[in-house]
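The structure appears right after this line, and notes come after that.
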Amino acid sequence: MSVDLVQEQSVTFESGVRLDSGRILAPVTLVYETYGTLNGERSNAILVEHAWTGDAHLAGKRHEADTRPGWWDAIVGPGRLFDTDRYFVICSNVIGSCFGSTGPTSINPRTGKRYNLSFPVITVRDMVRAQKMLIERLGIERLLTVMGGSMGGMQALEWATQYPDSIASALVLASTPRPSPQAISLNAVARWAIYNDPTWRKGEYKHNPKDGLALARGIGHITFLSDESMNSKFGRRFSAKDGLFDFFGQFEVERYLNYNGYNFVDRFDANSFLYLAKSLDLYDVAWGYESMLEAFSNVTAPIQFYAFSSDWLYPPYQTEEMVTCLEKLGKPVEYHLINSAYGHDAFLLEHETFAPFVRDFLSRVQN
């Protein structure tokens with residue numbers, strides 16, 4: 001059963017947040033949604049972190065005519081994995097995004113104009129610093145768990161290492177301690193696509209640079225899938241609308257990338273895409289430490305990790321490196337490798353594969 005209609009909320013911190021770059025971003029607004037009820041002990045709060053181009057709309061609908069529920073609607077609601085009869089679920093949009101939280105599309109109070117490329121470079125750790133302020137504003141001292149996949153998993157790792165006393169557990173899915181050179185290179189090519197769109201104008205565009213952003217999104221989509229899922233979904237089928245020897249004729253997989261790329265332009269900002277891609281590339285759980293061992297030495301909460309067999313963007317060996325590190329330190333850690341053909345997107349598409357493990361994990365955390 002899905003949650004009822006939900007309302008977007010926001011909070012603004014006038015004093016802002018000091019970033020890893022040393023700059024102060026102020027004021028800072030965070031948009032968020034909540035589901036369920038916070039109990040009297042304020043001990044049933046779960047923070048769900050979104051991935052690269054996600055938003056705070058995790059579950060439910062915002063109005064009766066809404067045709068699309070939240071991006072992870074299947075796991076939130078009465079009787080679902082995050083049962084809103086038991087848990088108070090929070091999802092916050094990250095800074096740097098374009099869905100209401102402070103980012104390059106926001107108005108710079110010093111100029112009265114959009115930040116665009118005057119917006120400071122932010123890190124995943126900066127995102128979590130801002131979220132920590134939100135959680136404190138909500139009067140929550142300790143989260144029952146923080147959960148996320150991909151960039152959301154990076155945020156969960158930051159909670160575990162930077163604010164160990166503020167969480168009782170963490171759930172990290174399809175993530176990495178630091179993106180590989182291959183992952184960085186794919187983001188670099190996506191950036192070039194935007195930079196080389198003449199309508200981008202070094203970030204000072206009036207309208208989204210649609211061709212560059214659509215191409216960048218298409219590159220991203222390739223990394224979210226797997227060879228097996230592409231074969232299953234598209235094979236080598238040629239578009240029925242095109243002749244096989246038409247020069248501009250397309251395979252079905254080409255049409256898919258084109259469709260998703262240009263749809264993306266209508267809902268996401270190019271500069272936000274670039275800033276969040278930079279945040280992903282810069283991510284290193286051991287940043288500021290001598291080693292990953294030192295970074296994970298701060299961890300006190302049990303962490304449950306998930307990797308997916310066909311994920312080639314953040315492959316299982318990267319998750320296993322973190323698990324091994326935590327085991328060496330004697331930290332409470334659990335690892336599940338899920339056999340899946342869906343690639344990196346498996347964490348969004350196959351919640352039923354990990355839901356039983358998560359339920360068991362939360363029952364032990366609460367006892």
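We use all heavy atoms of the structure for the numbers below, so side chains are in, but hydrogens, waters and symmetry mates are not.
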Is there a side-chain contact between [X] and [Y] in this structure, where contact means two heavy atoms from C-beta onward sitting under 4.5 Å apart?
X	Y	result
L213	F273	yes
K113	I107	no
L276	V94	yes
F238	E252	no
I219	R217	no
F268	N208	no
M154	Y314	yes
I135	Y163	no

> How would you list, by chain and number, every residue that makes a side-chain hydrogen bond (donor to acceptor under 3.5 Å, both in side chains) with Y335, sequence neighbours excluded?
Replying inline: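 With sequence neighbours excluded, Y335 shows a side-chain hydrogen bond (donor to acceptor under 3.5 Å, both in side chains) to E320, given in chain and number order.
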
> What residues form a side-chain hydrogen bond (donor to acceptor under 3.5 Å, both in side chains) with E204, not counting sequence neighbours?
Replying inline: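 Per chain and number, E204 pairs via side-chain hydrogen bond (donor to acceptor under 3.5 Å, both in side chains) with N116.
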
> According to a 4.5 Å side-chain heavy-atom criterion applied to Ile, Leu, Val, Met, Phe, Trp and Tyr, with indirect links allowed, do L173 and W312 form part of one hydrophobic cluster?
Replying inline: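 No; tracing contacts between hydrophobic side chains, which count when under 4.5 Å, never links both residues.
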
> If you group Ile, Leu, Val, Met, Phe, Trp and Tyr by side-chain heavy-atom gaps below 4.5 Å, do L19 and M151 land in one group?
Replying inline: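 Both belong to a single hydrophobic cluster.
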
Donor-acceptor check, side chain of [X] to backbone of [Y], threshold 3.5 angstrom: yes or no?
X	Y	result
T84	G36	no
K331	V299	yes
Q162	W159	no
S279	I122	yes
D73	P69	no
N187	L280	no
R178	W287	no
N339	S309	no
D360	R364	no
W71	D55	yes

> What about Y289 and F296, are their ring centers closer than 6.0 Å?
Replying inline: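 So the answer is no for these two rings.
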
> Does Y275 have its ring centroid less than 6.0 Å away from the ring centroid of F119?
Replying inline: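 Aromatic pair counts; centres sit under 6.0 Å.
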
Side chains of [X] and [Y]: donor-acceptor distance under 3.5 Å anywhere?
X	Y	value
N271	W200	yes
S226	S229	yes
N263	Y259	yes
D269	T105	no
S150	H344	yes
H50	N93	yes
D4	Y35	no
S340	E350	yes
E8	H57	no

> Got a sec, which pairs hit salt bridge (charged side-chain N to carboxylate O under 4.0 Å, His left out) with one end in residues 185-194, sequence neighbours left out?
Replying inline: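 The answer is R191-D281.
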
> What pairs of residues pass the salt bridge (charged side-chain N to carboxylate O under 4.0 Å, His left out) test when at least one of them lies in residues 148-167, not counting sequence neighbours?
Replying inline: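 Residue pairs passing salt bridge (charged side-chain N to carboxylate O under 4.0 Å, His left out), neighbours aside: R125-E158.
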
>> Between V31 and S101, does the side-chain contact (heavy atoms from CB on, under 4.5 Å) criterion hold? Intermediate values first, please.
In response: CA-CA 5 Å; V31 162; S101 295; 4.0 Å; yes

>> Applying salt bridge (Lys or Arg N to Asp or Glu O under 4.0 Å), can you list everything that pairs with K328, at least two apart in sequence or on another chain?
In response: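 K328: no salt bridge (Lys or Arg N to Asp or Glu O under 4.0 Å) contacts found.
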
For [X], look at atom [atom1] and say whether over 12 heavy atoms of other residues, nucleotides or ligands are found less than 6.0 Å away.
X	atom1	value
D266	CG	yes
E352	CD	yes
R201	CZ	no
Y342	OH	no

Roughly how far, to the nearest 0.5 Å, is [atom2] of [Y] from [atom1] of [X]?
X	Y	atom1	atom2	answer
L349	W72	CG	CH2	10.5 Å
I95	L25	CD1	CG	6.0 Å
T176	Y283	OG1	OH	8.5 Å
H207	T199	NE2	OG1	9.5 Å
I194	D211	CD1	CG	11.5 Å
I303	L171	CD1	CG	9.5 Å

>> Check the orientation of F354 and Y306. Use parallel for under 30°, tilted for 30 to 60°, and perpendicular for over 60°.
In response: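 Rings of F354 and Y306: tilted, 30 to 60°.
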
>> Let's go through Y256 and F234 carefully: what are the C-alpha distance in whole Å and the side-chain angles of both, what is the deciding distance for ring-ring contact (aromatic ring centres under 6.0 Å, His included) to 0.1 Å, and is it a yes or a no?
In response: CA-CA 9 Å; Y256 167 83; F234 308 109; 4.9 Å; yes

>> Under the side-chain contact (heavy atoms from CB on, under 4.5 Å) test against V76, which residue among L58, L81, V6 passes?
In response: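 Running side-chain contact (heavy atoms from CB on, under 4.5 Å) over L58, L81, V6 with V76 returns exactly one hit, L58.
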
> L134 and V11: side-chain contact (heavy atoms from CB on, under 4.5 Å), yes or no, with the steps?
Replying inline: CA-CA 7 Å; L134 168 63; V11 61; 3.7 Å; yes

Do [Y] and [X] meet the salt-bridge criterion of a basic N to acidic O distance under 4.0 Å?
X	Y	value
K210	D197	no
E33	R62	yes
D126	R18	no

Listed pairs under 3.5 Å, donor-acceptor, residues 141-148 side chains, sequence neighbours left out:
residue	atom	partner	partner atom	Å
T145	OG1	S169	O	3.3
T145	OG1	S169	OG	2.8

> Hey, mind stepping through T161 and N298 against side chain to side chain donor-acceptor pair (under 3.5 Å) and telling me if it holds?
Replying inline: CA-CA 6 Å; T161 56; N298 297 329; over 6 Å; no

>> Assess the residue pair I140 and F88 against the criterion (side-chain contact (heavy atoms from CB on, under 4.5 Å)); give the C-alpha distance rounded to whole Å, side-chain angles, the decisive distance to 0.1 Å, and a yes or no.
In response: CA-CA 11 Å; I140 299 167; F88 179 64; 4.2 Å; yes

